[in-house]
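Order of the sequence lines sets the chain letters (A, B, ...), proteins ahead of strands, with each chain counted from 1.
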Number of protein chains: 2
Amino acid sequence: MVRMPAVLPYYSIGVDLGGTNLRIAAVGPAGELCEKIALETEVKEGRERVVEDMCAAIADLRLRMGAAPLAGIGIGVPGVIHLSTGMVLNSPNLPGWTDFPVRDEIERRLATRVILENDANAAALGEKYLGAGKNVSGLCILTLGTGIGGGLVLDGRIWHGEDGMGGELGHMTIDPNGQLCACGNLGCIEAYSSASAIVRMANAAIRVGRSPGLTAAAEEVGELTAEVVYIKARQGDRVACEIFEMAGRSLGVAVGNLINIFNLPLYVIGGGVARAWDVFAPALIAEVEKRSVVYRSRRPRIERSALDADAGLLGAAWLPQLDRARLQTAPARQSL
Amino acid sequence: MVRMPAVLPYYSIGVDLGGTNLRIAAVGPAGELCEKIALETEVKEGRERVVEDMCAAIADLRLRMGAAPLAGIGIGVPGVIHLSTGMVLNSPNLPGWTDFPVRDEIERRLATRVILENDANAAALGEKYLGAGKNVSGLCILTLGTGIGGGLVLDGRIWHGEDGMGGELGHMTIDPNGQLCACGNLGCIEAYSSASAIVRMANAAIRVGRSPGLTAAAEEVGELTAEVVYIKARQGDRVACEIFEMAGRSLGVAVGNLINIFNLPLYVIGGGVARAWDVFAPALIAEVEKRSVVYRSRRPRIERSALDADAGLLGAAWLPQLDRARLQTAPARQSL
């Protein structure tokens with residue numbers, strides 16, 4: 001009797017290449033996490049060092065996965081990706097990466113197919129296929145970190161727009177005469193609901209002597225973080241609560257606009273700040289209710305990320321699996 | 001020798017069913033206007049009268065088109081369309097139409113396939129296939145009329161969203177503490193850049209005695225319209241110019257947001273107010289430049305409607321032609 005070789009299910013590797021953390025995971029065909037490596041991104045040591053670390057970790061994971069066939073590697077990058085060339089067009093967190101053929105170089109070193117994707121887009125994909133959005137056709141995610149990223153999955157595919165810059169949701173103007181944003185505009189949502197915005201508001205309250213609680217916390221930890229402000233809010237500190245209410249209300253204006261524009265079934269809030277969901281979500285929902293005529297009529301879901309910090313990592317790992325399923329992540333162009 | 005019958009090209013009929021005007025056109029296979037009928041919409045006479053007028057005009061057009069085969073009838077309606085049932089869900093301009101199977105009733109009376117679509121969506125489709133967007137894959141339109149409508153064509157198809165309410169762009173909040181809008185929200189773009197908003201701003205200036213020019217014009221015409229304010233602006237009236245600058249700047253905030261969100265190649269301004277393009281466009285473009293990081297990088301086109309008042313009519317007529325080309329106007333749902 002001839003024994004048939006066992007058909008091993010394909011696995012894929014995802015990379016979450018952040019400005020601070022470099023995380024690599026192997027993910028099975030049902031989206032299950034098999035192996036994970038967490039490193040620091042040695043940005044200061046230069047691009048070559050980061051690429052070397054990444055390739056070494058990927059090689060390590062492949063060894064650990066043994067004989068299982070690899071579907072490919074997906075890499076989530078904090079910047080705008082030029083899809084056809086696989087280059088990073090604009091990435092404040094990865095200086096020196098913009099004139100470098102990232103995808104081709106890693107493909108060459110690893111002799112495997114590599115798919116590059118913006119990190120928030122990868123998070124959107126992770127939530128769609130492995131997280132909060134499993135049973136919907138599309139969703140919108142806002143990732144609240146140092147800045148605010150955005151990702152759109154429409155009819156199962158990432159919306160890239162014409163040049164890969166679609167889904168730049170963090171720079172939506174929600175108050176035309178509001179706070180100055182890092183992008184130069186006044187009143188971007190990023191200037192109200194990002195971790196940096198929360199820290200800025202807390203420091204402003206400390207400066208004018210409005211918050212003894214935050215002042216004491218800042219003295220204790222040396223430098224305020226959004227997490228510290230969250231802990232104070234949880235302890236009932238009035239100013240800390242107000243800061244998260246402001247972040248939530250501002251987010252509500254943006255989410256209300258997105259609901260009117262897209263009429264999607266699900267809006268996801270991800271990124272580190274989403275862990276403060278309990279202190280900002282009530283203000284967020286109340287504001288959406290007030291603002292959005294489509295929300296009042298259709299009541300779409302507004303939820304925090306189900307995959308939390310792993311959304312981008314798992315989404316990146318899912319890119320080659322989607323590709324195997326003959327799905328284009330780029331929108332199909334129709335010629336008529 | 002057997003003579004083959006001449007193959008006649010299919011034509012289609014479009015209806016622009018407005019709260020004031022009812023226009024019906026026959027359009028050839030290249031989008032050329034063949035015949036046109038313009039009536040008043042006798043809304044006050046009741047729904048039955050309007051349906052009768054529409055069906056009579058369509059029958060008239062069919063007679064005029066002779067033996068050419070009809071591909072179908074597309075009707076643009078100012079309201080939210082429930083796609084699967086062909087009913088109008090919400091239409092302030094057509095009272096009494098919401099519990100009525102519009103599509104099925106007209107199909108029954110005319111024994112022909114009928115496609116219903118929201119009027120701004122029809123205008124977006126008209127611009128995409130027969131107007132400013134012929135050579136792009138997608139576009140976004142804002143139609144500035146009594147209110148502000150919105151339409152999105154993504155990858156050649158109208159974006160309907162989950163329940164047909166996608167593209168509700170007129171109620172984007174652009175100033176969270178701004179003008180009260182008819183929808184109950186504060187600071188919708190409709191409260192700044194619609195014809196009603198322009199008239200409201202002009203009347204406010206007259207009330208406080210700020211504008212002798214507009215006061216004289218209002219006395220002359222009896223009731224101010226956006227067109228009268230435009231004529232005064234063209235004559236150099238300072239307050240009239242300021243009103244259109246305000247409308248343009250506000251529109252710029254909204255268009256800047258849409259550019260960041262979609263990264264489309266083309267944004268079209270349509271509707272009656274678009275005829276005042278020369279007096280509001282400079283402020284619109286300047287504001288987009290200031291606001292949108294994606295605009296500064298990609299410089300997408302921002303243009304006034306090429307089809308002007310006919311965008312919705314021609315787009316409605318194009319619905320059956322698109323359908324014949326086996327294109328779905330509803331987004332394809334992917335199950336994975």
Side-chain angles (χ1 to χ4, degrees), chain A residues 80 89-90 129 136-138 150 152 154-157 159-178 183-186 188 249-250 253-254 256-265 287 290-294 297-298 300 322 325 327 331-336, chain B residues 80 89-90 129 136-138 150 152 154-157 159-178 183-186 188 249-250 253-254 256-265 287 290-294 297-298 300 322 325 327 331-336:
Chain A
V80 174
L89 288 184
N90 179 6
Y129 287 98
V136 298
S137 63
L152 294 163
L154 306 182
D155 290 326
R157 299 175 305 187
W159 175 258
H160 286 115
E162 194 72 357
D163 312 281
M165 297 186 86
E168 195 59 75
L169 310 181
H171 297 289
M172 186 191 296
T173 302
I174 57 146
D175 187 352
N177 302 308
C183 76
N185 183 26
L186 294 181
C188 291
R249 274 203 312 278
S250 305
V253 176
N257 285 344
L258 291 165
I259 294 172
N260 284 350
I261 292 169
F262 287 105
N263 179 210
L264 285 165
E287 195 71 20
K290 223 166 75 181
R291 299 274 174 199
S292 168
V293 60
V294 176
S297 160
R298 313 313 302 167
L322 263 186
L327 267 174
R333 301 276 169 220
Q334 289 176 331
S335 51
L336 281 149
Chain B
V80 174
L89 287 183
N90 179 6
Y129 288 98
V136 297
S137 63
L152 293 162
L154 306 181
D155 290 326
R157 299 174 305 188
W159 176 258
H160 286 114
E162 194 72 358
D163 312 282
M165 297 186 85
E168 196 58 76
L169 310 181
H171 297 290
M172 185 192 295
T173 301
I174 57 146
D175 186 350
N177 301 308
C183 77
N185 184 27
L186 294 181
C188 291
R249 274 203 313 279
S250 306
V253 176
N257 286 343
L258 292 166
I259 293 173
N260 284 350
I261 292 168
F262 287 105
N263 180 209
L264 286 165
E287 195 71 19
K290 224 166 74 181
R291 300 273 172 200
S292 167
V293 62
V294 176
S297 161
R298 313 313 302 170
L322 263 186
L327 267 175
R333 300 279 169 217
Q334 288 176 332
S335 52
L336 281 150

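Applying the side-chain hydrogen bond (donor to acceptor under 3.5 Å, both in side chains) test to A/Asn263 and every residue at least two apart in sequence or in another chain returns B/Asp163. Applying the side chain to side chain contact (heavy atoms under 4.5 Å, CB included) rule to B/Val293 yields the partners A/Glu168, A/His171, B/Asn260, B/Arg296; only residues at least two apart in sequence or on another chain are considered.
Within the 4.5 Å cutoff, the side chain of A/Arg298 has heavy atoms near those of the B/Met165 side chain.
Note on B/Pro176, B/Cys183, B/Gly164: by heavy-atom pairs under 4.5 Å with chain A, the leading option is B/Pro176. Of the listed residues (A/Leu89, A/Asn177, A/Ile174), the one with the most heavy-atom contacts under 4.5 Å to chain B is A/Ile174. Looking only at heavy-atom pairs under 4.5 Å with chain B, the residue among A/Val80, A/Val136, A/Val294 that has the most is A/Val294.
Residue contact with chain A, scored on non-hydrogen atoms closer than 4.5 Å, is absent for B/Ile259. With a 4.5 Å cut-off on non-hydrogen atoms, A/Ser297 touches chain B through its side chain but not through its backbone.
Between B/Trp159 atom CH2 and A/Leu264 atom CG the span is 5.5 Å, to the nearest 0.5 Å. Atom CG in A/Asn185 sits 4.5 Å away from atom CZ in B/Arg291 (nearest 0.5 Å).
Closest approach of B/Ile261 and A/Leu152 over heavy atoms only: O-CD1, 3.8 Å. Contact record, A/Asn257 with B/Thr173: OD1-N, 2.8 Å, taken as the closest heavy-atom pair.
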